> 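Have a look at this one.
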Amino acid sequence: METYASSSLSQLQINETQTLIPGLPNDIASLILSLIPYSHHARIKPTCKSWHAFLSSTKALFSLRRHPRRSNHLLIIFPQDPSISAPYLFDPQNLAWRPLPPMPCNPNVYGLCNFTSISMGPNLYVLGGSLFDTRSFPMDRPSPTSSVFRFNFVDFLWEELCPMLSPRGSFACVAVPDSGQIIVAGGGSRHAWFGAAGSRISSVERYDVGKGEWVAIEGLPRYRAGCVGFLSGDGEEREFWVMGGYGESRTISGIFPVDEYYKDAVVMDLKKSGCGKWREVGDMWSDAGRGRLGKIVVVEEDEGRPAVFMLDENEIFRYDMASNSWQGESIVPRKAPRNSSCGFAVLDGELHVMTFLRGDDLVKTRRSRQQKRGGTLFVQIYHPKKKTWRSLVTRPPFYHLLDFKTAIMCTIRL
């Protein structure tokens, strides 16, 4: 351990006359400082020059934090268009927030939404989405984009990558870390400002992080947008699941467009030699059941078997692959306020249900706190193995209530 710490510390540009912690060797002090949550680094950098140098040498710092016990599972929230409104890191364990730099801005486009965000290692990816382009006609029609951006936490910089072969928004996406690949499937041109409109596609692509290029693979059996994706299994048994979404649309009275939502899923075998064929999974609920799929999160379990959970209003369901059905798991202790949206994410194996509280709701939860800024974030946390609930309250740095219907979220370990 000391050899490993010393090799990492040797990469730091610290003057030999400076010490990280008086009375301790720098290799031991570096291990101690590496345990400080990432969300607090910006606060403690000004403590002294040696700490600023150590916490700024992110390559060596991340090498010390590679062990899961030293890293933090953080939530990244995109409140709006990331080129206009900065995304934020949220550390629920320490109730800390940290802003990230806005994504590079293109003066010709605005209103980016329905993009997908995913992490791989110390990198955050923002892929596709729907936006308005001042160079297109008519200007009030949204269009999908194929752009891809990556935020590197080591250099703390955004960079633009090779665009996808097909522009798309509202699509399924997964990262395959051990092979350095990202797979996207389906999507269309849906924009958050419109209830039901836009195009749908069935194309599927794979991005090779090492080569920096996209390759088309076998497309979905049919058009599918607004879907979610996740991995199941590992090694030769790994599969890419694409679940839910919408395909065709119909109109009511020949005027109002309405989406036709899918009740099934499709699965592709992922092998080391390439991708296999798609197979279809039947309907997960009957016509008398719910109309559409709720918000989905996946908890990784042993041997690559995922536990898939769905938030449907104030109920949580677990997907049973054997019976291809959703089973009731738990009920959220406190229902969300009327006309509000809920966020749903998984951190450290726990399900986080997030809602914003206004002033009158806040008194019921914690009388000693007062309403500030755009509201207070109330997080109810469910542990699937222990079957227990707990909650926390935090004051986010937003000056307006966050709309979880349009906000984009993903998680990352740093």
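This is a predicted model, so every value here is computed, not measured. The analysis underlying the following values was restricted to heavy atoms, covering all of them including side chains, and did not include hydrogens, waters or symmetry mates.
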> Quick one: does NZ or CZ of Arg206 land under 6.0 Å from the six-membered ring centre of Phe240, within 45 degrees of the ring axis?
no

> Run the numbers on Thr355 and Phe404 for side chain to side chain contact (heavy atoms under 4.5 Å, CB included), then give the verdict.
CA-CA 8 Å; Thr355 56; Phe404 285 110; 5.8 Å; no

> Does atom CD of Glu237 have more than 12 heavy-atom neighbours from other groups under 6.0 Å away?
no

> Could you pull out the closest heavy-atom pair between Ser341 and Leu402, with the gap in Å?
OG-O, 4.1 Å

> Under the salt bridge (Lys or Arg N to Asp or Glu O under 4.0 Å) test, which residues partner Lys263, sequence neighbours left out?
Asp287

> Looking only at heavy atoms, what is the nearest atom pair of Tyr261 and Gly291, with distance?
CB-O, 3.6 Å

> Run the ring pair (Phe, Tyr, Trp, His ring centres under 6.0 Å) test against Tyr88 and tell me which residues pass, sequence neighbours left out.
Phe398

> Restricting to salt bridge (Lys or Arg N to Asp or Glu O under 4.0 Å), what partner residues turn up for Lys387, sequence neighbours left out?
Glu329

> Can you tell me if Thr376 uses its side chain to pair, donor with acceptor, with the backbone of Leu357 under 3.5 Å?
no

> For Glu239, which residues count as a salt bridge (Lys or Arg N to Asp or Glu O under 4.0 Å) partner, sequence neighbours excluded?
Arg279

> With no hydrogens and no angle check, do the side chains of Ser325 and Asp320 hold a donor and an acceptor under 3.5 Å apart?
no

> On a heavy-atom basis, which atom in Val184 and which in Leu127 lie closest, and how many Å separate them?
CG1-CD2, 4.3 Å

> Can you say whether the rings of Tyr382 and Trp389 are parallel (under 30°), tilted (30 to 60°) or perpendicular (over 60°)?
tilted

> Donor-acceptor pair, Ser170 side chain versus Gly226 backbone, under 3.5 Å?
no

> Please determine whether side chain to side chain contact (heavy atoms under 4.5 Å, CB included) holds for the pair Val346 and Phe309, giving the CA-CA distance in whole Å, both sets of side-chain angles, and the decisive distance to 0.1 Å.
CA-CA 10 Å; Val346 57; Phe309 296 92; over 6 Å; no

> Side chains of Arg168 and Ser203: is there a donor and an acceptor less than 3.5 Å apart?
yes

> Aromatic ring centroids of Phe156 and Phe151 under 6.0 Å?
yes

> Could you measure the distance from the SG atom of Cys342 to the CD atom of Gln380? Nearest 0.5 Å is fine.
8.5 Å

> What do you reckon, is CD of Glu313 surrounded by more than 12 foreign heavy atoms closer than 6.0 Å?
no

> I need the Cys162 SG to Trp214 CH2 distance, nearest 0.5 Å.
8.5 Å

> Do Met321 and Ser232 come close enough that some side-chain heavy atom pair is under 4.5 Å?
yes

> Okay, side chain of Arg224, backbone of Gly244: is any donor-acceptor separation there less than 3.5 Å?
yes

> Going from CG on Asp133 to CG on Asn106, what distance comes out if it is rounded to the nearest 0.5 angstrom?
7.5 Å

> Going through the distances and angles, do Leu231 and Leu270 end up as a side chain to side chain contact (heavy atoms under 4.5 Å, CB included)?
CA-CA 9 Å; Leu231 293 178; Leu270 299 180; 3.7 Å; yes

> Give me the atom names and distance for the closest heavy-atom approach of Gly188 to Ser130.
O-OG, 4.1 Å

> Contact between Cys113 and Thr406 at the side-chain level, heavy atoms closer than 4.5 Å - yes or no?
no

> Specify the closest pair of heavy atoms between Pro144 and Ser189, including all atoms of both residues, with the distance to one decimal.
CD-CB, 3.3 Å

> Could you walk me through whether Lys386 and Glu350 pass salt bridge (Lys or Arg N to Asp or Glu O under 4.0 Å), step by step?
CA-CA 10 Å; Lys386 298 179 181 179; Glu350 295 181 310; over 6 Å; no

> List the steps, then state whether side chain to side chain contact (heavy atoms under 4.5 Å, CB included) holds for Ile32 with Leu24.
CA-CA 10 Å; Ile32 296 175; Leu24 289 178; 3.8 Å; yes

> Less than 4.5 Å apart, any side-chain heavy atom of Phe54 and any of Ser30?
yes

> Can any side-chain N or O of Glu159 pair as donor or acceptor with the backbone N or O of Asn152 at less than 3.5 Å?
no

> For residues 91-102, please give each side-chain donor-acceptor pair under 3.5 Å, one per line with the distance, not counting sequence neighbours.
residue	atom	partner	partner atom	Å
Asp91	OD1	Gln93	N	3.2
Asp91	OD2	Ser39	OG	2.9
Asp91	OD2	Asn94	ND2	2.6
Gln93	NE2	Asp348	OD2	3.2
Trp97	NE1	Thr394	OG1	3.2

> When rounded to the nearest 0.5 angstrom, what distance separates CD in Gln327 from CZ in Phe317?
9.5 Å

> Inspect the surroundings of CZ in Arg292 and state if more than 12 heavy atoms from other residues, nucleotides or ligands are less than 6.0 Å away.
no

> Mind telling me whether Trp241 and Tyr319 have parallel, tilted or perpendicular rings, with 30° and 60° as the class edges?
perpendicular

> Could you tell me whether Phe344 atom CZ has more than 12 heavy atoms of other residues or ligands within 6.0 Å of it?
yes

> Is the backbone of Ala336 close enough, under 3.5 Å, to the side chain of Asn314 for a donor and an acceptor to pair up by distance?
yes

> Under 3.5 Å, side-chain donor or acceptor atoms of residues 78-87 against the rest of the protein: list the pairs with distances, not counting sequence neighbours.
residue	atom	partner	partner atom	Å
Gln80	NE2	His400	NE2	3.2
Asp81	OD1	Ser83	N	3.0
Asp81	OD1	Ser83	OG	2.8
Asp81	OD2	Ser83	OG	3.4
Asp81	OD2	Gly111	N	3.2
Asp81	OD2	Leu112	N	3.1

> Within this structure, what is the CG-NE2 distance for the pair Leu414 and His73, rounded to the nearest 0.5 Å?
9.5 Å

> What distance do Leu124 atom CG and Phe153 atom CZ have between them, rounded to the nearest 0.5 Å?
5.5 Å

> What heavy-atom pair brings Pro384 and Leu351 nearest, and what distance separates the two atoms?
CG-CG, 4.3 Å

